[in-house]
Amino acid sequence: MIKSDVQLDAKGLACPMPIVKTKKAMKDVAEGQVLEIQATDKGSVADLAAWSKTVGHQYIGTNEENGVFYHYIRKCNQEISEAADRFFEHTISNEDAVKGEGLILDVREAAEYAFGHIPGAKSIPMGELANRLVDLNKEETIYVICRTGTRSDLAAQQLVEAGFTKVYNVLPGMTGYEGELQKEV
């Protein structure tokens with residue numbers, strides 16, 4: 001099962017109620033957290049994806065089990081996310097990171113990673129990075145990627161502060177990645 005921060009039960013509700021309930025629930029979800037919506041309405045698949053895009057949240061994906069659709073939406077302020085200052089000076093393009101020799105470190109949440117990541121990328125969500133530095137090799141080149149380059153910027157700074165020397169922030173991140181995706185849902 002995909003990890004989410006908040007769950008919403010919208011089973012048995014027909015359009016437009018899954019969206020109405022999601023909109024109301026999203027007010028109590030903190031920016032960056034993932035909301036899981038459980039719905040039985042088949043129309044919710046297209047509806048929730050379209051609604052998320054319209055209001056600026058990230059629609060991560062849907063998983064269907066026994067007639068229940070599990071939708072995952074990450075709350076974000078798209079304007080703030082895309083306009084955020086990036087301070088890490090060593091950057092690399094998506095294409096060069098994929099061609100490069102080194103580890104692609106995906107610091108997005110597990111749900112985002114599961115619904116599509118660069119093949120061979122290692123998942124360590126940003127919130128777990130400090131406790132999982134031992135899982136990384138300080139001698140290896142590390143290409144840090146997230147959705148837009150904001151979290152990866154912070155993660156790259158954190159790695160350098162911990163003594164890693166070959167670290168690059170991958171820009172523009174998964175929003176600009178056009179290559180093959182691996183899924184694990």
Side-chain angles (χ1 to χ4, degrees), residues 1-7 29-36 52 56-63 70-185:
M1 196 52 111
I2 305 299
K3 180 182 176 282
S4 59
D5 300 292
V6 180
Q7 294 76 37
V29 176
E31 187 169 335
Q33 288 187 324
V34 175
L35 172 65
E36 173 190 271
S52 297
H57 298 309
Q58 180 192 7
Y59 186 77
I60 298 170
T62 302
N63 192 17
Y70 294 86
H71 303 276
Y72 298 91
I73 301 173
R74 179 174 172 265
K75 183 173 183 175
C76 58
N77 181 326
Q78 194 168 1
E79 291 175 17
I80 291 174
S81 295
E82 292 176 359
D85 291 330
R86 293 182 178 88
F87 302 104
F88 194 74
E89 61 184 301
H90 300 288
T91 62
I92 191 168
S93 69
N94 290 359
E95 297 78 17
D96 289 342
V98 171
K99 292 177 192 171
E101 290 187 22
L103 171 70
I104 295 176
L105 177 62
D106 193 321
V107 295
R108 296 175 300 152
E109 293 300 315
E112 295 172 277
Y113 180 85
F115 277 103
H117 59 272
I118 296 170
K122 181 179 186 78
S123 173
I124 300 181
M126 180 67 189
E128 299 175 17
L129 186 59
N131 295 327
R132 295 188 53 197
L133 292 174
V134 296
D135 296 347
L136 301 170
N137 178 353
K138 287 188 177 184
E139 303 303 316
E140 187 174 24
T141 299
I142 300 176
Y143 305 109
V144 189
I145 194 165
C146 68
R147 188 173 72 88
T148 62
T150 302
R151 283 176 282 177
S152 57
D153 182 274
L154 297 171
Q157 291 178 53
Q158 189 174 348
L159 288 170
V160 169
E161 289 169 7
F164 292 81
T165 58
K166 301 175 197 167
V167 180
Y168 296 88
N169 183 19
V170 181
L171 296 176
M174 292 303 291
T175 56
Y177 179 70
E178 297 178 354
E180 177 186 352
L181 284 177
Q182 184 175 345
K183 295 184 180 186
E184 296 178 6
V185 285

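- The distance from atom NZ of Lys183 to atom CZ of Phe115, rounded to the nearest 0.5 Å, is 8.0 Å.
- The shortest distance between side-chain heavy atoms of Asn137 and Leu103 does not fall below 4.5 Å.
- Among all heavy-atom pairs drawn from Pro119 and Glu180, the shortest one is CD-O, 3.2 Å.
- Using a 4.5 Å heavy-atom threshold, the side chains of Val98 and Tyr143 count as separate.
- Ile60 approaches Ala111 most closely through the heavy-atom pair CG2-O, 3.4 Å.
- Here the side chain of Lys122 pairs no donor or acceptor atom with the backbone of Leu105 at under 3.5 angstrom.
- A donor atom on one side chain and an acceptor atom on the other are found under 3.5 Å apart for Asn169 and Ser152.
- Glu101 has no carboxylate O lying under 4.0 Å from a charged side-chain N of Lys166, or vice versa, which leaves the two without a salt bridge.
- Proximity of a side-chain donor or acceptor of Asn94 to a complementary backbone N or O of Gly173 within less than 3.5 Å is detected.
- Atom CD1 of Ile145 is separated from atom OH of Tyr177 by 8.0 Å, given to the nearest 0.5 angstrom.
- Atoms CG and CD, on Leu35 and Gln33 in that order, are 9.5 Å from each other to the nearest 0.5 Å.
- Rounded to the nearest 0.5 Å, atoms CD1 (Ile124) and CZ (Arg108) are 14.0 Å apart.
- Contact between Leu171 and Gly149 at its shortest, heavy atoms only, is CD2-CA, 3.6 Å.
- For the residue pair Tyr70/Glu36, the side-chain donor-acceptor check at 3.5 Å is not satisfied.
- Rounding to the nearest 0.5 Å gives a distance of 10.5 Å between CD of Glu109 and CE of Met126.
- For the residue pair Leu129 and Ala155, the shortest heavy atom distance occurs at CD2-CB, 3.7 Å.
- Looking at every heavy atom in both residues, Ala110 comes nearest to Pro125 through N-CG, 4.1 Å.
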(request) Take Leu181 and Met174 through the test side-chain contact (heavy atoms from CB on, under 4.5 Å) and record every step on the way to the result. (result) CA-CA 10 Å; Leu181 284 177; Met174 292 303 291; 3.6 Å; yes
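- When atom types are taken as modelled, the side chain of His71 and the backbone of Thr62 share no donor-acceptor pair closer than 3.5 angstrom.
- Between Asp106 and Ala121, the closest heavy-atom pair is CB-CB, 4.4 Å.
- Taking the six-membered ring for Trp and thresholds of 30 and 60 degrees, His90 and Phe88 have ring planes more than 60 degrees apart, a perpendicular arrangement.
- Using a 4.5 Å cut-off on side-chain heavy atoms (C-beta onward), Arg74 and Arg147 make contact.
- Note that OG1 of Thr175 and CD of Glu178 are 10.5 Å apart. Values are rounded to the nearest 0.5 Å.
- Between the side chain of His57 and the backbone N or O of Ile73 there is no donor-acceptor pair closer than 3.5 Å.
- For the side-chain hydrogen bond (donor to acceptor under 3.5 Å, both in side chains) test, residues two or more places apart in sequence or in another chain that qualify with Asp96 are Ser93.
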(message) Leu136 vs Leu159, test: side-chain contact (heavy atoms from CB on, under 4.5 Å). Steps then yes/no.
(response) CA-CA 10 Å; Leu136 301 170; Leu159 288 170; 3.7 Å; yes
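- Considering only heavy atoms from C-beta on, Ile142 comes within 4.5 Å of Val144 through its side chain.
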